Amino acid sequence: MACVTEDDQLFKICQSGDLEAFQMLYNRNNSILDRKISGLEETPLHLASSFKHMVLVKEILKYGNHMAKARNGEEDTPLHVACRQGERDIVEELLKACSFLPYILNKDKHSALYLACSCGHKDLASLLCQRMIFSGRDGISASCLRIASSKGYKDIVQKIIEENPSLASRKDDYGFSAMHLASREGKDEVIKTLIEKDSNLSFLKDNDERTPLHLAVITNQLSIVDALLSPTSLNSVQVADLMNGVDKDGNTVLHLAAINDNLEAIKLLLTKRPIKVDNANNEGMTALDILEKNQPSEAEEDASGAAIPERAEIIKELKDRKRPDPISQTTIQETSLNNMQQALMTSLNDIQQALMVSQATMQETSLKNKQQALMVVAGLIVTLTFQAGLNPPGGLWQDSEQGNQTNHEPGKAIQNKYVAVCEFTSGHGISLR
C-alpha cells in the first residue's frame, strides 16, 4: 500500500475545503502555510482560491496575511488565481489582506486586472479597477487598457485614460494599441470613447503598418469602419488619408476587404469619398483585380448563389471607376500635347495677325488725324488772313471829309504801306498753299 504523504493530505484537504482537517493538520505542523506542493508549487492559499473555498481562504489568512503575496511556479499570487476563477468574495478577502496585490505581475507580466478582463469577469474587473491608481504605472496600466478595450469594458477604459491619457497610444509587442484591439473586436462604445479623447489615435500603425481601420475591415466590423471614417474631429483631408492609407504590402482598406471577400465592407467603402479604387498594391493589383482573381468556382456559386449578384454589382462599379490603362493614358497625353501645340501655334498666328491689323489701323488712324489737324490749321490761317485783310492794324483811311490832308486813298491801311500789307497777305497766301 502506497504511503500517503503530508503534501497529498494537504492537497486533498484544500481540494475538498475540509476546514476541520486543515486545522488539525496545521496544529501538528504550522509550516504547511508556506508549503508548496511538489510539482504544482502551489501554496494552500493558491489551492483554496482555485477550488473556490471561501471559508478555507479566510482561515489561512487568519493564520498569516503574508500568504496573500505568495507566488506559485507561474509567479501567480492567490489573487491571480481567484481572478481567473471569477471569485469576487475571495478577491475582496485577499484585497483586505494586502491592498498592493493588484500591482503584482506574474511571469507573463500580467496583473490580476488583466486576467479578470481576459477571462470575461467584468464585475470583478470593475472592482479591481476602482481599487487601483493608474497614473505613474505605465506598464501595468497600458496592458490593462488594451485588454479592457478588446473586451469592450468602456468604464474601465475611461478611468484608465482619464488618469493616464498617454497610455492610449501605447502599443504591445505586435504594435497593437487599444484602438487597434477595440476595432478588431468591434467594440463601438470603446472606439467612441477613444476618438473623443484623441482622434489622432485612428492613425496609429501596428507592426504591419496597419491602422485600426485596416483591422476593422479585415474582421468585417462595419459599424467600426463607419465610425472611424465619420468622426467630427477629423477634416476631409484626414479622412481621405486614413481611408487611402496602405500597409507594408501596399494594401488599402479596399484591397483588404477584397482579399477577405468582405463584400459588405467594400460596398460601405465605396460610399465614402474620396476613396481611391484604382490604387495598386506591391504586387501591382487593384481591389478589382483581386475580386476577379478570386471569383468563386461553379460549385461555390451554387452553394452561395445569393452573393453572386452582389459580387457582380461591386465588380461593375469598380470597373466603372477604373483608371485608364497605361497605353490609353499615354495616347491621351500625346493627343493632349498635340492639341496644346496646335492651339499655341494658332494663338501665335492670331496674335501676329492682330498686331498687323492693329498697326495698319494705327497708321490709318494717324494719317486721318494728321489730315484733320491740317484742315483745322488751314481753317485758322484762312480766318486770320481774311480778318487781317478786312481789319488791318490801325484801321483803314476814310474819305477826305474827315480832315485828312495827306496823300492817301480811302479804304487803305493807315499804319502800313500798301506794299507791306500786300506782303503780309501774300505771305499768308503762300502759307495757305
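Fair warning: this is a prediction, and the values are worked out from it, not measured in the lab. Only this structure's heavy atoms are used, side chains among them; waters, hydrogens and symmetry mates stay out.
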Going by heavy atoms in the side chains, are Val217 and Ile224 under 4.5 Å from each other? no

Taking it one step at a time, do Phe203 and Leu242 satisfy side-chain contact (heavy atoms from CB on, under 4.5 Å)? CA-CA 7 Å; Phe203 293 92; Leu242 183 63; 3.8 Å; yes

OG-CD distance between Ser202 and Gln238, expressed to the nearest 0.5 angstrom: 9.5 Å

Look at Lys154 together with Glu189 and state whether they make a salt bridge at an N to O cut-off of under 4.0 Å. yes

Side-chain heavy atoms of Phe22 within contact of Ile60, under 4.5 Å: yes

Measure from the side-chain N and O atoms of Asn282 to the backbone N and O of Lys248, and report whether any donor-acceptor pair falls under 3.5 Å. yes

Give the intermediate values and the outcome of side-chain hydrogen bond (donor to acceptor under 3.5 Å, both in side chains) for residues His46 and Ser49. CA-CA 5 Å; His46 284 91; Ser49 299; over 6 Å; no

Strictly distance-based, threshold 3.5 Å: is any side-chain N or O of Ser199 a donor or acceptor partner for the main-chain N or O of Ile195? no

Side chains of Asp172 and Ser143: does their closest heavy-atom pair fall under 4.5 Å? no

Sidechain N-carboxylate O distance under 4.0 Å for Asp138, Arg170: yes

Of the non-hydrogen atoms in Leu288 and Lys319, which two are nearest, and what is the gap between them? CD2-CG, 3.6 Å

When you compare the side chains of Asn281 and Asp249, does any donor N or O come within less than 3.5 Å of an acceptor on the partner? no

Assess Arg184 against Phe176: is NZ or CZ under 6.0 Å from the centre of the six-membered ring, and within 45 degrees of the ring's axis? yes

Under 3.5 Å, is there a donor on one side chain and an acceptor on the other for Asn164 and Ser135? no

Contact check, side chains of Ile156 and Cys144, non-hydrogen atoms, under 4.5 Å: no

Main-chain N/O of Ile218 paired with Asn262 side-chain donor or acceptor, under 3.5 Å: yes

With the side chain counted from C-beta on, respond yes when Arg321 and Ile275 share a heavy-atom pair under 4.5 Å apart, and no when they do not. yes

Atom NE2 in His214, atom OG1 in Thr252: separation rounded to 0.5 Å? 6.5 Å

If you round to the nearest 0.5 Å, how far is OG1 of Thr286 from NZ of Lys276? 14.5 Å

Evaluation steps, side-chain contact (heavy atoms from CB on, under 4.5 Å), between Val91 and Cys83: CA-CA 7 Å; Val91 166; Cys83 284; 4.1 Å; yes

Asn207 side chain vs Asp173 backbone, donor-acceptor pair below 3.5 Å: yes

Are Asp123 and Arg88 close enough for a salt bridge, meaning some N to O gap below 4.0 Å? no

Any Lys/Arg nitrogen of Glu162 or Lys159 sitting under 4.0 Å from an Asp/Glu carboxylate oxygen of the other? no

Provide the closest heavy-atom pair for Asp7 versus Ile37 in the form atom of the first, atom of the second, distance. O-CD1, 4.1 Å

Between CE on residue Met285 and NE2 on residue His255, distance to nearest 0.5 Å: 8.5 Å

Applied to residues 59-90, the ring pair (Phe, Tyr, Trp, His ring centres under 6.0 Å) test, sequence neighbours excluded, yields Tyr26-Tyr63

Quick one: does any side-chain atom of Ser230 pair with a main-chain N or O of Ala227 as donor and acceptor, under 3.5 Å? no

Show your working on side-chain contact (heavy atoms from CB on, under 4.5 Å) between Leu94 and Leu45 and close with a plain yes or no. CA-CA 10 Å; Leu94 290 169; Leu45 188 55; 4.0 Å; yes

If you compare all heavy atoms of Glu93 against all heavy atoms of Met54, which two are closest, and at what distance to 0.1 Å? OE1-CE, 3.4 Å

How far does CG of Leu194 sit from CD of Glu196, to the nearest 0.5 angstrom? 9.5 Å

Can you check whether Leu56 reaches Asp18 side chain to side chain, under 4.5 Å on heavy atoms? no

Are Arg131 and Ser99 side-chain neighbours, meaning at least one heavy-atom pair lies under 4.5 Å? no

His180 side chain to Leu204 backbone, donor-acceptor under 3.5 Å: yes

Just wondering, do Met132 and Ile140 contact through their side chains at under 4.5 Å, heavy atoms? yes

How far apart are the closest heavy atoms of Leu10 and Pro44, and which atoms are they? CD2-CG, 3.7 Å

side-chain contact (heavy atoms from CB on, under 4.5 Å), that's the test. Do Asn106 and Leu115 meet it? Break it down for me. CA-CA 10 Å; Asn106 63 12; Leu115 294 178; 4.2 Å; yes

Relative to each other, are the rings of Tyr103 and Phe100 parallel, tilted or perpendicular (30° and 60° limits)? tilted

For Lys58, I'd like to know if atom NZ has over 12 heavy atoms of other residues, nucleotides or ligands within 6.0 Å. no

Taking NZ, NE, NH1 and NH2 as the nitrogens, is one of them in Glu6 or Arg28 under 4.0 Å from a carboxylate oxygen of the other? no

Does a donor on one side chain and an acceptor on the other come within less than 3.5 Å for Glu42 and Asn72? yes

For the pair His110 (side chain) and Leu105 (backbone), establish whether a donor and an acceptor sit closer than 3.5 Å, ignoring hydrogens and angles. no

Short N-O contact, Lys267 and Glu313, less than 4.0 angstrom: no

Donor-acceptor pair, Lys36 side chain versus Arg71 backbone, under 3.5 Å? yes

Heavy-atom donor-acceptor pair, Asp206 side chain to Arg210 backbone, under 3.5 Å: yes

Measure the CG-CE distance between Asn200 and Met179 for me, rounded to the nearest 0.5 Å. 9.5 Å

Shortest non-hydrogen contact between Gly86 and Leu124, atoms and distance: CA-CD2, 3.7 Å

Okay, side chain of Asn244, backbone of Ala240: is any donor-acceptor separation there less than 3.5 Å? yes

Search all heavy atoms of Thr77 against all heavy atoms of Lys69 and return the closest pair with its distance. CG2-O, 4.4 Å

Run the salt-bridge test on Asp76 and Lys107 with the 4.0 Å N-O cut-off and return the result as yes or no. no

